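Residue numbers begin at 1 in each chain, while the letters A, B, ... track the order of the sequences. Any value given below was found using the heavy atoms of this structure, including those in side chains, with hydrogens, waters and symmetry copies removed. Just so it is clear, the structure is predicted and the values come from calculations on it, not from any experiment.
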Amino acid sequence: MQSLKTQEMSVTSIIQPAVISALEQLFQQTFTAKDFQINETKPEFEGDYTVVLFSLLKPLKQSPDQLGKTLGNYLLEQQPALFVSYNVIKGFLNLTISDSYWSDMLNKHFEDKAYGKKAGNGKKIVVEYSSPNTNKPLHLGHLRNNFLGWSISEILKADGYEVIKTCISNDRGIHICKSMVAWQWFANGATPESTGMKGDHFVGDCYVMFGNVYKEEVRSLVEKGMSEEQAEKEAPVMKAAQQMLVDWEAGKPEVITLWKTMNSWVYSGFDITYKRIGSDFNKMYYESDTYLLGKKLVEEGLQKGVFFTRPDNSVWVDLTADGLDEKIVQRKDGTAVYITQDIGLAVNKYEEFKYDQSIYVVGDEQNYHFKVLKLICEKLGLPSSDGIYHLSYGMVELPSGRMKTREGTVVDADDIIDEMISVAAAKTAELGKVKDFTETELKELYDTIGLGALKFFILRVDPKKRMVFNPEESIDFHGFTASFVQFSHARAKAILRNEDSNKEYIYQGSSPLLPLEKALLIMLERYPQIITQAAADHNPSLLVIYCYELAKTFNSFVTEHRVLKAESADKKELRLRICRMTANVLASGMELLGIKVPERM
RNA sequence: GGUCCGGUAGCUCAGUUGGAUAGAGCAUCAGCCUUCUAAGCUGAGGGUCAUUGGUUCGAAUCCAAUCCGGAUCACCA
């Protein structure tokens with residue numbers, strides 16, 4: 001399929017075939033892109049890009065020096081407009097790219113706000129993320145999920161995919177019944193409205209209350225001589241919750257009504273949080289709808305011989321040949337287990353969207369679950385089952401260790417967001433640079449800085465790794481942070497606001513590029529590839545690091561060189577364009593992370 | 001115990017399919033605001049890349065073993 005937009009030609013994608021063709025001409029041997037590496041030249045050496053020659057020496061029977069010189073000379077001869085000089089050190093051929101290449105790149109893209117975004121590739125990806133339980137408010141772990149899911153969706157879109165963001169709400173089950181029982185027994189008809197609480201926190205408190213009462217009941221039963229195990233089964237609140245689940249499945253009207261009411265409280269709370277953090281979905285699924293979906297698939301699987309039945313009537317799949325275990329897919333009483341509905345949902349999603357890839361943003365404690373899910377889908381013959389991808393992320397821990405509900409160390413999402421925003425406000429006030437802002441503008445700025453810091457702090461870590469969330473470090477607005485990038489953007493914009501603009505001027509590229517100018521151009525040129533790489537790796541942290549490094553180089557550039565009072569008109573225009581393109585790319589990159597950049601801060 | 005993931009500076013993290021003297025931030029120390037935003041810039045110190053062996057021109061990266069940490073192996077979700 002032909003792309004509508006001409007594909008970005010990166011400099012490496014030009015050098016590679018040039019080298020291959022050179023080797024063919026010079027030595028009559030054919031190589032592919034995989035046979036040698038092209039890297040950016042390390043700053044301590046002269047040059048922009050480096051061809052690593054070692055892997056070519058043996059087949060060509062050349063010494064590093066010979067080959068480097070032969071190849072370097074040939075490349076310069078063939079493409080004098082692109083390569084201006086070379087040097088060979090050990091097995092490294094360092095090539096210097098002509099200034100005109102870089103200035104052409106700049107002139108072509110400096111105003112393009114869509115720079116780096118690819119034309120549609122016709123492929124469709126379903127991303128499932130967030131997926132909360134409706135019994136308690138969101139916490140720090142959910143934030144990592146939401147930030148990752150949203151960001152990877154946007155990155156995939158930018159790379160040319162059509163993306164459908166979905167969310168499965170775990171809205172039924174024993175957990176919500178616990179909150180319901182607690183409300184019935186102890187709330188005296190209180191509501192979020194009557195207490196002035198956010199709905200998800202209100203229901204979360206009911207859930208906690210259930211836990212406390214349950215613990216107390218168990219303790220008292222044990223005191224009366226009951227065994228611990230027995231007491232846990234006999235505690236009245238637990239029995240009530242279990243009864244409620246049965247009643248729910250039977251569709252008992254007053255239970256359904258209460259369930260709907262309490263879920264609506266939770267959703268109204270979630271909506272507020274989602275809106276603040278910018279999470280959105282194209283399609284919502286509800287477990288209360290999907291939990292029966294898998295049954296049909298189980299039946300089909302049995303007919304196909306994928307599943308088998310045990311004497312007690314439970315249904316299993318044998319995955320021992322794939323290095324896993326036997327796994328239950330339906331209980332002996334015929335009810336669905338967790339994976340049953342996931343099988344149903346996977347098929348459902350496929351039928352609805354005919355996706356090429358289906359991504360699940362779910363914590364790494366479910367790695368095994370998703371291996372099983374994918375295998376089962378394969379065995380059932382679900383088309384595109386190899387497109388099932390578990391975007392697995394590590395747990396968020398505190399410096400003191402794991403968050404524990406019992407110890408009250410769970411960091412609440414709303415609390416940490418409030419905290420970040422208020423510290424952003426305090427810091428902004430202290431610096432006193434935006435005293436002319438209106439109340440509305442200030443509020444927006446605090447949100448931008450506070451939320452940006454939080455997202456950046458969490459997204460900067462490779463998803464698959466566990467991470468430590470240090471509250472003190474997260475509110476630091478110096479160094480490797482969102483504020484640093486935001487500040488750099490504001491700085492660029494400040495220069496552009498003051499620009500004594502001369503629209504007629506066309507940059508000629510007549511004066512040589514200084515190191516920091518060129519360094520920025522090289523980085524800017526790489527942006528489209530960064531998006532592609534982040535999309536391919538499902539890893540927003542690549543973009544975080546890129547934005548930070550670009551901002552860092554830009555800050556050095558601004559400190560070192562004057563833009564508005566540049567040495568020449570030529571330089572001034574060059575630098576103005578660098579400022580514009582840098583601001584655009586920073587804004588674009590941060591946008592893909594869900595982080596806004598301010599005009600002033 | 002089986003499987004999977006991780007271990008890099010005091011702390012938090014980078015390190016693209018093996019490439020040049022392993023990099024950032026925080027923290028510590030020393031400089032830089034009559035010049036486009038100092039939420040900034042410049043510099044210094046800080047490393048047995050968990051350990052041992054192997055593969056090769058070359059290993060933080062690949063392989064094996066060991067040690068440490070985590071997850072998982074539920075008719076929970």
Side-chain angles (χ1 to χ4, degrees), chain A residues 33-34 37 39 41-42 44-45 50 52-55 57-58 64 89-92 94 133 170 173-175 287 310 312 314-316 323-325 327-333 335-339 341-342 363-369 371 392 394-395 397 399 402 424 427-428 430-431 433-434 449 453 457 460-462 464-470 472-474 476-488 490-499 529-530 533 536-537 539 541-542 544-545 548-549 551-552 555-566 575-576 579 600-601:
Chain A
K34 286 190 172 136
Q37 276 184 40
N39 301 331
T41 304
K42 301 247 172 202
E44 55 267 38
F45 301 97
T50 296
V52 183
L53 303 171
F54 297 104
S55 56
L57 300 178
K58 208 174 269 178
I89 298 171
K90 294 201 260 175
F92 300 93
N94 301 320
N133 288 347
N170 299 114
I174 192 72
H175 55 84
E287 191 189 340
R310 285 257 163 91
D312 67 358
S314 56
V315 181
W316 295 72
L324 305 179
D325 305 303
K327 186 87 187 166
I328 189 161
V329 296
Q330 188 169 296
R331 292 192 187 97
K332 63 186 170 197
D333 62 5
T335 57
V337 292
Y338 178 51
I339 197 145
Q341 57 187 324
D342 255 342
D364 63 5
E365 71 272 15
Q366 296 198 38
N367 285 351
Y368 182 78
H369 172 77
K371 262 188 203 168
S392 164
M395 195 168 300
E397 294 177 6
R402 289 182 65 168
K427 184 68 185 173
T428 303
E430 185 189 318
L431 291 172
K433 296 183 192 176
V434 289
I449 296 173
F457 191 87
R460 72 180 192 183
V461 181
D462 185 338
K464 69 171 180 282
K465 295 195 179 178
R466 315 199 276 285
M467 64 171 292
V468 174
F469 183 87
N470 186 330
E472 283 170 29
E473 247 180 72
S474 67
D476 187 356
F477 296 132
H478 300 274
F480 188 7
T481 63
S483 329
F484 179 90
V485 180
Q486 289 167 331
F487 170 74
S488 310
R491 224 176 171 183
K493 282 307 188 73
I495 293 170
L496 294 169
R497 266 197 304 277
N498 296 329
E499 172 191 0
Q529 299 166 67
I530 299 291
Q533 176 112 35
D537 294 356
N539 186 357
S541 78
L542 299 178
V544 175
I545 293 162
Y548 169 68
E549 286 179 346
K552 190 171 159 60
N555 273 315
S556 298
F557 162 80
V558 169
T559 306
E560 183 81 18
H561 303 299
R562 291 182 199 174
V563 176
L564 299 175
K565 292 177 187 165
R575 289 176 191 163
L576 279 170
C579 284
R600 291 175 54 198
M601 64 187 284

- Between B/U16, B/U37, B/C75, which one does the side chain of A/Lys332 approach most closely? B/C75
- Message: When the P atoms of B/A14 and B/U56 are compared, how many Å lie between them, rounded to an integer?
- Response: 32 Å
- Taking the P atom of each, how far is B/U61 from B/A20, in whole Å? 13 Å
- Would you say A/Glu44 has more than 12 foreign heavy atoms packed within less than 6.0 Å of its CD? yes
- Task: Rounded to whole angstrom, note down the P distance from B/C62 over to B/G7.
- Result: 10 Å
- Message: Using the salt bridge (Lys or Arg N to Asp or Glu O under 4.0 Å) criterion, which residues pair with A/Arg310? Sequence neighbours excluded.
- Response: A/Glu326
- Message: Would you say the base of B/A20 stacks on A/Phe45 (centre-to-centre below 5.5 Å, plane angle below 30°)?
- Response: yes
- Message: Looking only at side-chain N and O atoms, does A/Asn39 offer a donor or acceptor that is under 3.5 Å from a partner on A/Thr50?
- Response: no
- Item | Proximal nucleotide (of B/U12, B/G40, B/U37) relative to the A/Arg497 side chain | B/U37
- Name the nucleic acid region contacted by A/Ile449, choosing base, sugar-phosphate or nothing; use a 4.0 angstrom heavy-atom cut-off, strictly under. base
- Message: Between A/His369 and A/Asp342, do the side chains contain a donor N or O and an acceptor N or O under 3.5 Å apart?
- Response: yes
- The side chain of A/Val52 lies closest to which of these nucleotides: B/G40, B/U12, B/G19? B/G19
- Rounded to whole Å, CD of A/Gln366 lies from C1' of B/C5 at a distance of 16 Å
- Query: If you measure from the C1' atom in B/A24 to the same atom in B/C41, how many Å do you get, rounded?
  - Reply: 16 Å
- Query: Based on Watson-Crick and G-U pairs with both distances under 3.5 Å, what dot-bracket line describes RNA chain B 5' to 3', crossing pairs as [ ] and inter-strand pairs as |?
  - Reply: (((((((..((((.....[...)))).(((((.......))))).....(((((..]....))))))))))))....
- Per A/Arg600 side chain, nearest of listed nucleotides B/U37, B/G40, B/C75: B/U37
- Rounded to the nearest angstrom, tell me the gap between atom CD in A/Glu473 and atom P in B/A24. 18 Å
- How close or far is atom C1' of B/U8 from atom CZ of A/Arg466, stated in whole angstroms? 15 Å
- Message: As a test of reading the structure: which of B/G19, B/C41, B/C75 is closest to the side chain of A/Gln37, going by heavy atoms?
- Response: B/G19
- Nucleotide B/U17, atom P - distance to CG of A/Leu542 in whole Å: 11 Å
- Given atom CG of A/Asn170 and atom C1' of B/C76, what is their separation to the nearest angstrom? 12 Å
- Is any side-chain nitrogen or oxygen of A/Lys465 closer than 4.0 Å to OP1 or OP2 of B/C5? no
- Item | Euclidean distance, atom CD of residue A/Gln330 to atom C1' of B/C75 [Å, nearest integer] | 11 Å
- Task: Ignoring backbone atoms, establish whether A/Ser556 has a side-chain N or O less than 4.0 Å from OP1 or OP2 of B/U42.
- Result: yes
- Any idea which of B/A24, B/G19, B/U3 is nearest the A/Lys371 side chain? B/U3
- Picking from B/U37, B/C75, B/G40, the nucleotide nearest the side-chain atoms of A/Ile328 would be B/C75
- Task: Kindly confirm whether the side-chain ring of A/Phe92 is stacked on the base of B/G19, judged by centres under 5.5 Å and planes under 30°.
- Result: no
- Query: For atom C1', what is the distance between B/G47 and B/C36, given to the nearest Å?
  - Reply: 40 Å
- Provide the closest heavy-atom pair for A/Cys579 versus A/Phe557 in the form atom of the first, atom of the second, distance. SG-CE2, 4.3 Å
- Item | Atom-pair distance (CD on A/Glu472; C1' on B/C26), nearest Å | 12 Å
- Roughly, in whole Å, what's the span from CE in A/Met467 to C1' in B/C11? 14 Å
- Query: Quick one: do the A/Tyr368 and A/Asp325 side chains pair a donor with an acceptor below 3.5 Å?
  - Reply: yes
- Task: Tell me which nucleotide among B/A20, B/G40, B/C75 gets nearest to the side chain of A/Ser314.
- Result: B/C75
- Closest nucleotide among B/A71, B/G40, B/G19 to the A/Glu365 side chain: B/A71
- Task: Answer syn or anti for B/C33, where the cut-off is 90° from 0 on the glycosidic torsion.
- Result: syn
- Message: With rounding to the closest Å, how many angstrom separate the P atoms on B/U16 and B/U8?
- Response: 16 Å
- Message: Just to be sure I understand the rule, does A/Asp462 reach a base, reach only the sugar-phosphate, or reach nothing, if contact means heavy atoms closer than 4.0 Å?
- Response: sugar-phosphate
- Query: Which of the following nucleotides, B/C75, B/A20, B/C26, is nearest to the side chain of A/Asp476?
  - Reply: B/C26
- Relative to each other, are the rings of A/Phe469 and A/Phe457 parallel, tilted or perpendicular (30° and 60° limits)? perpendicular
